[in-house]
> 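Here it is, the structure, as structure tokens.
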2 protein chains.
Amino acid sequence: MNKPFYSSEGDDLLREAGLRITRQRQAIARVLIEAEDHPDAEQVLARAREQDASVSQATAYRTLAALSEKGLIRTHTFDRGVMRFEIGNRPHHDHLIDVDTGEIREFVSAEIEQLQRRVAEELGYEILAHRLEIYCRKSG
Amino acid sequence: MNKPFYSSEGDDLLREAGLRITRQRQAIARVLIEAEDHPDAEQVLARAREQDASVSQATAYRTLAALSEKGLIRTHTFDRGVMRFEIGNRPHHDHLIDVDTGEIREFVSAEIEQLQRRVAEELGYEILAHRLEIYCRKSG
DNA sequence: ATACTTGCAAACCCTTTGCACGTAG
DNA sequence: CTACGTGCAAAGGGTTTGCAAGTAT
């Protein structure tokens, strides 16, 4: 990863959301940008606090909500769990969840997307979004 | 519809789950069997109470949890909402959600299922379950 | 007879919110 | 300067649970 000590990416994210730049939000934004998994609010908060111990739960939730509303992060609710977040400016993908380890792998299938569009079209709808999650176990 | 005044299907469902037959559970089981939508816990409770006013929230949740654990009903959490339930002994299908009306339509696409299997296989997994939800708006 | 079920209400968990203080612009 | 952001702690909404009384088997 080798992140610079200070990255302005987080600031850009916040500005794009029309939010004022504060230390707390900078920490949260950086956590989201650097996350390679799909952290939940609690994890985002814990990681943000490593950078700035003053980040409160309320601010974490409020910032996540604001970014989410502006479409700058995506939210997921895998299985029947808590909300999980990921940065939004990434190519679309679906998720494959290893039920044993909890590991989440991302994938895309142009064919599947294509077929979804056809299904929706046949029923007279246009797709706004979709969610495909495959729950798996390592085979063999 | 034209349901008989008393149907034993519900009892079968309960027996299959290894649960004792009680009036409350019979009401809940019947609600699930007769449901043509995807009711949430609150709706299941309300409908069950039409048959037996003594059904409590606790019993509704406990029965739903028990049936769910035994795989006799399926649970969904469309979008970021409450848990919704549907009877489990029905052919597999995915869901298309009309974001304007909240209407939920079911569909199956053998091709999509096929492609999912291929994706999982390529990553070295076998599919245990999957969930595909398409959020749509009526077109035209 | 006894292990399982019940309703009630309190507890729980995650998330949201009201408030008085703080601060970015 | 002022509108916006903050932490705290309390409130919310959906779901779960401890308990004493009730009931299926």
> Starting from P on dT15(C), measure out to CD on E42(A) and report it in whole angstrom.
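Result: 9 Å.
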> Between K138(B) and E126(A), does any NZ, NE, NH1 or NH2 come within less than 4.0 Å of an OD or OE carboxylate oxygen?
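Here E126(A) does not pair with K138(B) in a salt bridge, since their nearest N and O are not under 4.0 Å apart.
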> Between P on dT23(C) and CG on D52(A), what's the gap in Å once rounded to a whole number?
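To the nearest whole Å, that distance equals 12 Å.
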> Does V119(B) offer a backbone N or O that forms a donor-acceptor pair with the side chain of E122(B) under 3.5 Å?
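No.
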> Tell me the interatomic distance from M83(A), atom CE, to dG14(D), atom P, rounded to whole angstroms.
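After rounding, the gap between these two atoms is 14 Å.
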> Between E106(B) and R90(B) (salt bridge meaning N to carboxylate O under 4.0 Å), is one present in this structure?
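Yes.
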> Can you measure R15(B) atom CZ to dC4(C) atom P for me and round it to whole angstrom units?
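Going from R15(B) (CZ) to dC4(C) (P), I get 18 Å.
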> E69(A) has an atom CD; how far is it from atom C1' of dT15(C), in whole Å?
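Atom CD in E69(A) sits about 14 Å away from atom C1' in dT15(C).
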> Please answer whether the main-chain N or O of H76(B) pairs with a side-chain N or O of R84(B) as donor and acceptor at a distance below 3.5 Å.
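Answer holds: no.
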> Between Q24(B) (CD) and dT6(C) (C1'), how many Å, whole number?
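One finds 6 Å between C1' of dT6(C) and CD of Q24(B), rounded.
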> Taking the nucleotide of DNA chain C with the closest heavy atom to each, which residue, R25(B) or R49(B), is nearer the 5' end?
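Closer to the 5' end of DNA chain C: R25(B).
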> Taking for each residue the nucleotide of DNA chain D bearing the nearest heavy atom, is the 5' side occupied by R84(B) or by V55(A)?
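Final value for this comparison: V55(A).
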> Under the ring pair (Phe, Tyr, Trp, His ring centres under 6.0 Å) test against H95(A), which residue among F78(A), F107(A), Y135(A) passes?
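Single pass found, and it is F78(A).
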> Is any NZ, NE, NH1 or NH2 atom of the basic residue among R47(A) and D37(A) found under 4.0 Å from an Asp or Glu carboxylate oxygen of the other?
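A salt bridge is present here (some side-chain N lies under 4.0 Å from a carboxylate O).
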> Across the strands shown, which category fits A65(B) at heavy-atom distances under 4.0 angstrom: base, sugar-phosphate, nothing?
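Nothing: the residue A65(B), judged by heavy atoms under 4.0 Å, touches no strand.
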> In the 5'-to-3' direction, what one-character label does each nucleotide of nucleotides 17-24 of chain D receive under the scheme B = base within less than 4.0 Å of a protein heavy atom, S = sugar-phosphate only, - = no such atom?
BB-----B
> Using whole Å, report how far CD of Q26(A) lies from P of dG5(D).
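Interatomic distance, CD of Q26(A) to P of dG5(D): 14 Å.
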